[in-house]
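Because only heavy atoms are used, hydrogens play no part in the values below, and waters and symmetry mates are left out as well, while side chains stay in.
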Amino acid sequence: MVKNTLTVGTNVDTTHNPDQGDPQVGAKTDKAAERAFPLELVRNIGIIAHIDAGKTTTTERILYYTGRTYKIGEVHDGTAVMDWMDQERERGITITAAATTCYWNGHRINIIDTPGHVDFTAEVERSLRVLDGGVVVFDGVSGVEAQSETVWRQADKYSVPRICFINKMDRVGADFEHSIATIKERLQAKPLAIQLPLGSESDFRGVIDLIDEKVWTFTDSAEDAPVIGPVPESDKARVAEARHNMIELLAEGDDRLMEAYLDGKELSVSDIRAAIRRATLARHLVPVLCGSAFRNKGIQLLLDAVVDYLPSPGDMLPISAINPKSGERVLREARDDAPFSALAFKVVSDPFMGRLVYFRVYSGKMKVGDQVLNTTRERKERIGRLFLMHANRREEIAEVDTGAIAATVGLKNTFTGDTLCDASAPVVLEAIRFPEPVISVAVEPKTKVDQDKLGEALSKLADEDPTFKVHFDPETGETLVSGMGELHLDVLIERMLREFKVGAKVGRPQVAYRETITAPVKSEGRFIRQFGGRGQYGHVWLELEPGEPGSGFEFADKVKAGAVPKEYIPAVEAGAREALESGAVAGYPVVDVKVTVYDGSYHEVDSSEIAFKMAGSLGVKNGLKRANPILLEPIMSIEVVTPEESVGDIIGDLNSRRGQIEGIETRGGSTVVHARVPLAETFGYATTIRSLSQGRATYTMEFERYREVSAELAKGISARTKGT
């Protein structure tokens, strides 16, 4: 078996295998062994890509070649280690981000394998928030696809350095140059090809390393060692040209390399690698490699690139945080001797262990039994057992240090996005922001026994997934659950039925409409009650203004001369928030509104927080009716990949769904149609597209924005909602 003995350097003994012995918990890791990895030898990376680009297959090969697993798991066989959920194995897709740790060439690599389907974009979002580097996998035939652009934008948002892996180079139609061109055009990135494919399509045999001008030839068997040799005569001209282009591109943004290049000095392999690392960490360039994960080609070189070019936690800028006592911004450097700070980024209900909280340590160290402060919720927590995760398996450890990605049990009051830190040096790290759900279904328990179980199951699922919302509608008596798409809700409801054994009836999908206002208004909120003794008195004047799209709810206090005491202002805000949960058009939540309290009055005896909360609520409700409210619907960006002969039918169907065709292009022998379609018109689209194309077309869809609904449609939606 050929594993991590192929590259130069001291390799780590990976004989400890948590898969042996207890199927759930491995042996305790010795503290000294953990500290055998200085910070500069740690890599925290994510494998991210469009659905079906080969992320999980790539991760499975990484685990095999690093000695983490002794047998390669396959997605299509349902044996992938990282796709451990039953539904992932049945559907052949990644649903939840899975973490693992492996070792390569003297380095510890913490990996998170993320989903590719847009319905599970929250998993990618929270993973990228805590990672230092990313490996972006592309399909060698399609290049950059719709979800590739989404994950790239997410990585840009968190300033994550990344490398690219052009996968599936053995497929018919695979084109390395085309894939690089799509990275330039669609992602506006600067790709740096550091490899060339050796052969193409079914003749793809290996890769040519442009840095040291060596050829790596592979067989399809993972057991066989690659053969490393010189560049063949037939390829020398194109290799020389590609290497020259690589060095020129590197030198453009690197003064050290430019000076040597202009002086005509011979550049060493170490000089070039150092320059590539500098450019990658600065996010000026993105190294591009190629291979075929399924055919076991190119994975060792990808691992070398992770170690050589992606950052350690110490390479990243100090994490910025807020001191909750003073409100000042502070920095936490990635050092073991700094005060402890960590971000909880994932909560999982484990059937064996209970509630597992995943966290990333940004500074300091923490041991089992330590007490930490959750500054987000102002609660102290005691650390129970600590684990390094390997998908759904756990390796128990005694301590975590800076840069670690680990999990713990026993934190009852810690949720996704919360900060854990040393109580003597409190900080609040930036939380993770998630998109709002766009689709809902009603769920109803089948029996009285199921009623209690339903509440518990929904609570646990909402605890795990911040994009899964549960809402009880008092008017209809229905429990509504909301998510990011039909697949998202299908998976979660199936989990509820399988894992929590809840018998439930599920309604048809409903669109999560929103409302907003289009005109500023001034409104009075007056709540006065007299009960014979002490009464209730709250009185405010509010100004309601339309906000920027996506701004949500803003509140401002402009009360002068103490017309409303400061202690009642938070109650006014709470009342305003409550009133915005139900709009004036059809009762949907109101978004993108700024509420300003600018005047009012109070009574020294009768005024109270509840009175001002009611006054704030009444003021907003009165104002909404006069602020020209409108109904908004979610608009989806859709990309359909179809054979040319079905293009006309596909476009005709999209037009019939109130779709707007944005563009048509040819990609790898297929036609790609880009369009925007209201979510309400997309239910059942998977069945329609199959029938229109004889099952040959595929599509991806993601939420883009909310848009105003026409008056006629809004009237119909309002009537249906109110049951008239």
- Query: Is any side-chain heavy atom of Leu458 less than 4.5 Å from a side-chain heavy atom of Thr479?
  - Reply: yes
- Query: Restricting to pairs with a member in residues 419-429, which pass side chain to side chain donor-acceptor pair (under 3.5 Å), not counting sequence neighbours?
  - Reply: Asp422-Ser424
- Checking side chain to side chain donor-acceptor pair (under 3.5 Å) for the pair Tyr706/Thr516: CA distance, chi angles, key distance, verdict? CA-CA 10 Å; Tyr706 274 94; Thr516 193; over 6 Å; no
- Message: Pair Leu420, Met366 - check side-chain contact (heavy atoms from CB on, under 4.5 Å), show working.
- Response: CA-CA 11 Å; Leu420 300 172; Met366 177 179 67; 6.0 Å; no
- Item | Donor-acceptor pair, side chain of Glu381 and main chain of Thr414, under 3.5 angstrom | yes
- Apply ring pair (Phe, Tyr, Trp, His ring centres under 6.0 Å) to Tyr362 and list each qualifying residue two or more places apart in sequence or on a separate chain. none
- Can you establish whether the number of heavy atoms outside Arg707 located under 6.0 Å from its atom CZ is more than 12? yes
- Query: Can Asp132 and Arg360 be said to form a side-chain contact (heavy atoms from CB on, under 4.5 Å), step by step?
  - Reply: CA-CA 11 Å; Asp132 300 322; Arg360 155 72 192 267; 3.1 Å; yes
- Arg377 CZ: over 12 foreign heavy atoms closer than 6.0 Å: yes
- Query: Considering residues at least two apart in sequence or located in another chain, which fulfil the salt bridge (charged side-chain N to carboxylate O under 4.0 Å, His left out) criterion with Arg278?
  - Reply: Asp254
- Query: Closest heavy-atom contact between Val151 and Val124?
  - Reply: CG1-CG1, 4.0 Å
- Query: For Asp308, which residues count as a salt bridge (charged side-chain N to carboxylate O under 4.0 Å, His left out) partner, sequence neighbours excluded?
  - Reply: Arg273
- Task: Could you verify whether a donor N or O on one side chain and an acceptor N or O on the other, from Glu430 and Ser320, lie under 3.5 Å apart?
- Result: no
- Message: Tell me every residue that passes salt bridge (charged side-chain N to carboxylate O under 4.0 Å, His left out) with Lys460, counting only those two or more places apart in sequence or in another chain.
- Response: Glu456
- Ser326 meets the side-chain contact (heavy atoms from CB on, under 4.5 Å) criterion, sequence neighbours left out, with Asn323, Glu328
- Message: Would you say CZ of Phe527 has more than 12 non-hydrogen atoms from neighbouring residues, nucleotides or ligands within 6.0 angstrom?
- Response: yes
- What are the two closest non-hydrogen atoms of Val160 and Gly134, and how far apart are they? CG1-N, 3.6 Å
- Message: Pairing donors with acceptors under 3.5 angstrom, does anything connect the side chains of Ser363 and Ser341?
- Response: yes
Donor-acceptor pairs under 3.5 Å, side chain of residues 562-579 to any protein atom, not counting sequence neighbours: which ones?
| unit_1 | atom_1 | unit_2 | atom_2 | d |
| --- | --- | --- | --- | --- |
| Lys566 | NZ | Asp557 | OD2 | 3.0 |
| Tyr568 | OH | Ser607 | O | 3.3 |
| Glu573 | OE2 | Arg577 | NH2 | 3.4 |
| Glu578 | OE1 | Lys613 | NZ | 3.3 |

- Could you pull out the closest heavy-atom pair between Asp336 and Lys365, with the gap in Å? CB-CD, 3.6 Å
- Message: Donor-acceptor pair, distance only, cut-off 3.5 Å: does the side chain of Arg355 make one with the backbone of Leu411?
- Response: yes
- Message: Take a 6.0 Å sphere around CD of Glu609 and say whether it holds more than 12 heavy atoms from other residues, nucleotides or ligands.
- Response: no
- Partner residues of Tyr588 under the ring pair (Phe, Tyr, Trp, His ring centres under 6.0 Å) criterion, sequence neighbours left out: Tyr513
- Sequence neighbours excluded, the answer for side-chain contact (heavy atoms from CB on, under 4.5 Å) partners of Thr101 is Tyr103, Arg108, Asn110, Leu388
- Message: My understanding is that only residues two or more places apart in sequence, or in another chain, count here; which of them pass side-chain contact (heavy atoms from CB on, under 4.5 Å) with Met636?
- Response: Leu679, Met701, Phe703
- Note on the structure: Taken in chain and number order and not counting sequence neighbours, the residues that satisfy side-chain contact (heavy atoms from CB on, under 4.5 Å) with Glu554 are Ser551, Lys594
- Geometric class of the Trp541/His539 ring pair [parallel <30°, tilted 30-60°, perpendicular >60°]: perpendicular
- Considering residues at least two apart in sequence or located in another chain, which fulfil the salt bridge (charged side-chain N to carboxylate O under 4.0 Å, His left out) criterion with Arg186? Glu665
- Query: Think Arg126 forms a cation-pi with Tyr158, using NZ or CZ under 6.0 Å from the six-ring centre and within 45 degrees of its axis?
  - Reply: no
